[in-house]
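The structure appears below as structure tokens.
When a ligand or atom number is given, it counts from 1 through the structure's own listing order. In this text the structure is predicted, and so the values were computed from the model without any measurement.
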Amino acid sequence: MALDQEKLNRFRVQKERLGGMLSDASEVINELNMSTASENLGKLSKKVNNDTFKIQVIGTFKNGKSTFINSLLGEDVLPAYALPCTAVINEVKYGEKKEAILHFRNPLPQNLPASISQKALAHMQRYQMKDVPPLVIDYSELKDYVVIPMGMDPKEMLLESPYEKVELFWPLDLLKEGVEIIDSPGLNEAETRTHVTMDYLTKADAILFVLAADRLCSMDEMDFIENNLYEYGFTDPFFIVNRFDLIPNDQKDGIVKFAKMKLGDFSTNDIFCISAQQALDGEKQNNAALYQQSGMPQLSQRLSEFLTKDKGKIKLSQPARELKRILNNEALYKIIPSQRTMLDSSLDDVKARYEAAKPKLETLRSKKEQIIAKLRLKIEQSKHEFKRASNRNYLTLAEMIPGWINEFQPVNRFSVIPTKKKAEAVVSEITDFVTKQIEEQQKDWKKNVLQPLVEERSKTIFESAEQDLTNLYSEIDNVNVSISGQHEVDPDTVPLWQRIAAGAGGILLGDLGLAFSGGVNGFSKGLAKTAAFEIGAGALLYLIGALNPFTIVAVLITAMISTWKSSQSGAMKNTKEMVAKEVVKQITESAEDSSTKMADTICEKLNEIANSISSAIDNEIKQTEEQVQGIIAEMQNGQANVDARKQVLTSCENKIKALSTDLDTFTFELLEQKF
Ligand SMILES: Nc1nc2c(ncn2[C@@H]2O[C@H](COP(=O)(O)OP(=O)(O)OP(=O)(O)O)[C@@H](O)[C@H]2O)c(=O)[nH]1
Ligand SMILES: [Mg+2]
């Protein structure tokens with residue numbers, strides 16, 4: 001696919017422009033001896049320069065995801081068959097040389113498929129199956145690694161892949177500037193592989209959702225779009241209706257209308273009806289007419305526009321805003337005036353004021369420790385509440401299971417002669433059904449009970465510290481003023497969340513963090529929302545893995561064969577009861593452990609937030625010390641040095657003002673899409 005070179009160039013220019021401003025700003029910030037801000041600028045530069053942009057291609061199995069990506073690559077690279085096939089995440093990235101690198105899971109799953117590639121197996125064994133480093137593989141042999149083992153023992157098909165992902169490097173223009181296209185296993189094909197795809201969603205920046213024109217908008221798909229995509233923050237995915245060549249001409253309009261009706265509310269983007277197969281064939285055969293007919297040119301055009309214009313907007317506007325805040329709120333209004341007043345004082349005065357402030361700074365440090373200790377305690381205390389909620393959930397679940405199973409009518413029936421195979425078929429069907437039911441119920445529970453509970457509890461926890469933190473910050477400000485010798489305290493209008501975020505760097509610069517939610521909701525609510533979101537995005541359903549038809553069959557087989565003697569319906573009834581009992585037993589037995597794990601995970605997240613608050617305050621106090629120590633050192637070198645330093649301050653001030661104006665223009669142009 002050709003990328004709109006002109007737009008791409010404009011994006012590069014914008015990126016370089018912001019990069020230039022960042023490095024100018026960095027000089028000023030270093031000159032002013034602002035170490036935390038300087039670290040933050042480093043992170044911003046990294047974000048602007050090396051950022052990847054991950055587009056995950058996702059959709060029901062066999063809708064043509066891999067074929068679609070192949071059509072972008074212009075070759076049959078990713079395996080695409082009529083059977084469910086993609087089993088592993090494939091990250092397609094830019095590289096001059098076509099190359100594939102296989103990454104291994106750590107730890108490796110216990111059972112490996114018998115059909116595993118010998119080369120991969122030998123490599124794993126070389127490292128005693130532990131911490132296995134990546135392996136370069138021939139990209140034309142991808143099928144030996146990333147494909148679901150077919151026609152094997154059905155147990156094999158359920159196994160987890162030992163590979164974490166494949167990185168495929170390809171010299172495709174579209175992938176320049178850190179763009180990555182991610183092929184993921186099909187949804188709703190198998191539990192293990194749906195999980196692989198879902199787990200990756202937290203890393204994706206944008207979604208291409210591939211549907212099939214000949215089986216459009218199934219209930220599963222709509223449920224996924226309505227519930228999951230939105231939950232993960234993808235409010236504007238690209239919908240691709242593939243396999244459009246299979247629709248007779250006189251029905252094409254109807255399909256387009258139907259797709260718009262079903263999907264229109266979930267994205268502002270156009271819906272693209274394409275034939276990935278025709279596009280790929282067109283590319284391979286150099287048949288421009290076929291490629292044209294495939295509908296790919298329009299999609300291609302829109303994607304390149306997205307990657308140059310919108311991607312730029314998404315990725316550049318946040319660092320630009322943050323840069324402006326550091327320059328104005330921190331450097332211009334705080335640090336420069338404070339350094340000036342110190343330089344205007346006598347060295348003895350500054351030293352004396354610093355000595356007087358030292359015990360205060362120590363007090364502030366221990367106050368901080370107390371606030372954080374209180375927070376940690378409150379987090380620990382709420383653990384039992386999370387655990388209780390989770391236990392209640394398992395209890396309710398266990399009560400519902402017998403009813404579900406009782407009402408379920410399996411397609412598989414008992415034969416006259418008892419066989420293990422038949423028994424397995426019936427039990428698998430019931431277990432599959434009940435697993436789906438549990439999943440549905442758990443999804444609802446997570447959304448309607450767990451997330452609101454986490455949000456509400458974290459709000460209470462962080463609210464309890466809000467006043468103390470605000471006071472602490474104003475005491476830090478007072479100490480700063482007393483050291484610098486400024487006369488009046490300038491009441492700080494910067495909201496608490498922003499100060500903490502700036503000091504903690506990490507949260508603010510993360511993609512989902514405080515900067516986003518704190519700005520809209522304020523400190524505690526912002527933190528609570530962030531926490532609840534992260535909990536929702538994580539795979540918290542520890543239970544599901546425990547339900548496995550094979551273990552259930554193994555436990556029940558003897559008892560089942562003996563029920564066979566009764567009538568067909570009697571045997572079915574007995575089997576259902578036995579399966580229900582076994583499932584309930586498995587759930588009840590693992591409930592305590594799963595609930596503990598769940599509560600631990602939630603509290604770990606909340607403690608991470610507490611740690612960030614703690615280091616944000618540490619950084620503020622450290623900055624106060626570094627500032628005065630720096631000025632004392634300058635003053636000790638004599639008056640000439642002080643005068644020179646004052647000139648440096650004036651020049652920093654002018655540079656910041658100029659940079660701010662540039663940044664305003666930059667942001668305006670970015671938002672107005674003037675480039
Ligand atoms: N007629 C037609 N067939 C297509 C089209 N796109 C893909 N196919 C075929 O559909 C089958 C499935 O395509 P894949 O690309 O493997 O689908 P997938 O979504 O990657 O499948 P999983 O990896 O199993 O989830 C293959 O046999 C393709 O040749 C299309 O636009 N038209
Ligand atoms: Mg595939």
Of all the non-hydrogen atoms in the protein, which one sits nearest to [atom], and at what distance?
atom: atom 17 (O) of ligand 1; answer: Gly64 N, 3.1 Å
atom: atom 14 (P) of ligand 1; answer: Thr67 OG1, 3.5 Å
atom: atom 32 (N) of ligand 1; answer: Asp245 OD1, 2.8 Å
atom: atom 26 (C) of ligand 1; answer: Tyr81 O, 3.4 Å
atom: atom 6 (N) of ligand 1; answer: Asn242 ND2, 3.1 Å
atom: atom 28 (C) of ligand 1; answer: Gln277 OE1, 3.4 Å
atom: atom 23 (O) of ligand 1; answer: Thr86 OG1, 2.7 Å

Under 3.5 Å between any N/O of [X] and any N/O of ligand 1: does that happen in this structure?
X: Phe244; result: no
X: Arg243; result: yes
X: Lys65; result: yes

message = With a 6.0 Å cut-off on the ring centroids, do Phe433 and Trp404 count as close?
response = no

Lys/Arg-Asp/Glu bridge criterion (N-O < 4.0 Å) met for Lys119, Asp144 = no

ask   = With a 4.0 Å cut-off, would you call Glu91 and Lys54 a salt bridge?
value = yes

task = Look at the aromatic rings of Phe239 and Phe209 and report parallel, tilted or perpendicular, splitting at 30° and 60°.
result = perpendicular

message = Within 2.8 Å of the Mg ion (ligand 2), is there any N, O or S atom belonging to Thr67?
response = no

query = Centre of Phe169's six-membered ring, under 6.0 Å away, within 45 degrees of the axis: is that where NZ or CZ of Lys98 sits?
reply = no

